[in-house]
Amino acid sequence: MGVVGIAPGVLAADAAAEEQIPVPQEEFDQRRFDQKLPERQWSLIVGGGAQYEPEYEGSGDLKISPIPLVLFTYDDWLEIDPSGVAVTPFRYGGFSLSGKIGYESGRDDGDHDRLRGLGDIDFAATVGVKAAYELGPVEFYAEMEQTIEGSESLIGTFGIGYSQPVTEKLILGAKAEAIVANDKHMEAYFGVNAAQSAASGLPEYKAKAGLKRVDVSASATYLLDEHWLVRGQAELGILTGDAADSPIVEKQLQPSVSLFVGYKF
């Protein structure tokens, strides 16, 4: 009877003692090792390539231009690429709102015989804002960009883009854009005033604000391995309105192709 009376207490004590036995250090280390490390929030791609494009917007002659490739992203709010720096502070569902600081490369009257006497358009900084809505692989977007000094251009871009992996290594994309510009941009790049007419021999021409261009493009990105990738793109720009009618313009159709090789860290 006595034995029976103390047995439950002994068993409880044994169980409590067993629960208090410390876990061996090597087992703790293994469990810590098995936990997945947090995913890296940044991505960096560096490389280079070339683009075969018109010598200036409206030119009928094409040239090859070397282009460096640097693309840095951090999380989903910061992106740095050759065109500038973009910050996306607001996202809700498929909607996003971002701001960008970039540049306008301008134009030299020595870039082509047809530009001689028209003067230079200075390199200048730009600031812009972009609103976008993603619906699966499709993105609808609208962007406004203001040039600070230089041509003092105000440009609006309205477009639709598509990007989708079709295999583990191949990503295809397509895009269509309509570009509108203010009077200052149109006058700087497509207008000819009296002094420019006298110096260049081109007739005087006043270019007004409006739709200046429609662009369509297709791209393919192929992942060679974990780090290396190749990207190609073909684009056709169609000058419209007062831009197409400018005496500066030789061809309304503006084709270009580009090829890049990059390394992802």
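Treat the numbers as computed from the prediction; the structure is a model and nothing was measured. Side-chain atoms are counted along with the backbone in the values below, which use heavy atoms only and exclude waters and symmetry mates.
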Practice problem: For Asp225, enumerate each residue passing the salt bridge (charged side-chain N to carboxylate O under 4.0 Å, His left out) test, keeping only those at least two apart in sequence or located in another chain. | Solution: none
Quiz item: Less than 4.5 Å apart, any side-chain heavy atom of Ser83 and any of Lys100?
Solution: yes
Quiz item: Side chains of Ile171 and Pro165: does their closest heavy-atom pair fall under 4.5 Å?
Solution: yes
Self-check item: Sequence neighbours excluded, every pair satisfying ring pair (Phe, Tyr, Trp, His ring centres under 6.0 Å) that has a member inside residues 50-77
Solution: Tyr56-His112, Tyr74-Trp77
Self-check item: Hydrophobic cluster (4.5 angstrom, side-chain heavy atoms) - remaining members for Leu223
Solution: Ile45, Ile67, Leu69, Leu71, Leu229, Phe260
Quiz item: Side chains of Thr157 and Lys130: do they bring a donor and an acceptor to under 3.5 Å?
Solution: no
Exercise. Please report the C-alpha distance between Glu57 and Arg213 in whole Å, then the side-chain angles of each, then the deciding distance to 0.1 Å, and finally whether the salt bridge (Lys or Arg N to Asp or Glu O under 4.0 Å) criterion is met.
Key: CA-CA 10 Å; Glu57 190 174 18; Arg213 181 174 177 138; 3.1 Å; yes
Self-check item: Residue pair Leu239 / Asp245, side-chain heavy-atom distance below 4.5 Å
Solution: no
Quiz item: Heavy-atom distance under 4.5 Å between the side chains of Leu154 and Met144, does that happen here?
Solution: yes
Practice problem: Find out whether Lys251 and Pro54 are in side-chain contact, i.e. whether some heavy atom of one side chain is under 4.5 Å from a heavy atom of the other. | Solution: no
Quiz prompt | All side chain to side chain donor-acceptor pair (under 3.5 Å) counterparts of Glu250, not counting sequence neighbours | solution = none
Practice problem: Among residues two or more places apart or on two chains, list those pairs meeting side-chain hydrogen bond (donor to acceptor under 3.5 Å, both in side chains) that have a residue in residues 252-265. | Solution: none
Quiz prompt | Any pair counted as ring pair (Phe, Tyr, Trp, His ring centres under 6.0 Å), so long as it reaches residues 133-160, sequence neighbours left out | solution = none
Quiz item: Within a strict 4.5 Å, meaning less than it, do heavy atoms of the Glu134 and Ser96 side chains meet?
Solution: no
Exercise. May I ask you to test the Glu177-Asp215 pair for a side-chain heavy-atom distance under 4.5 Å?
Key: yes
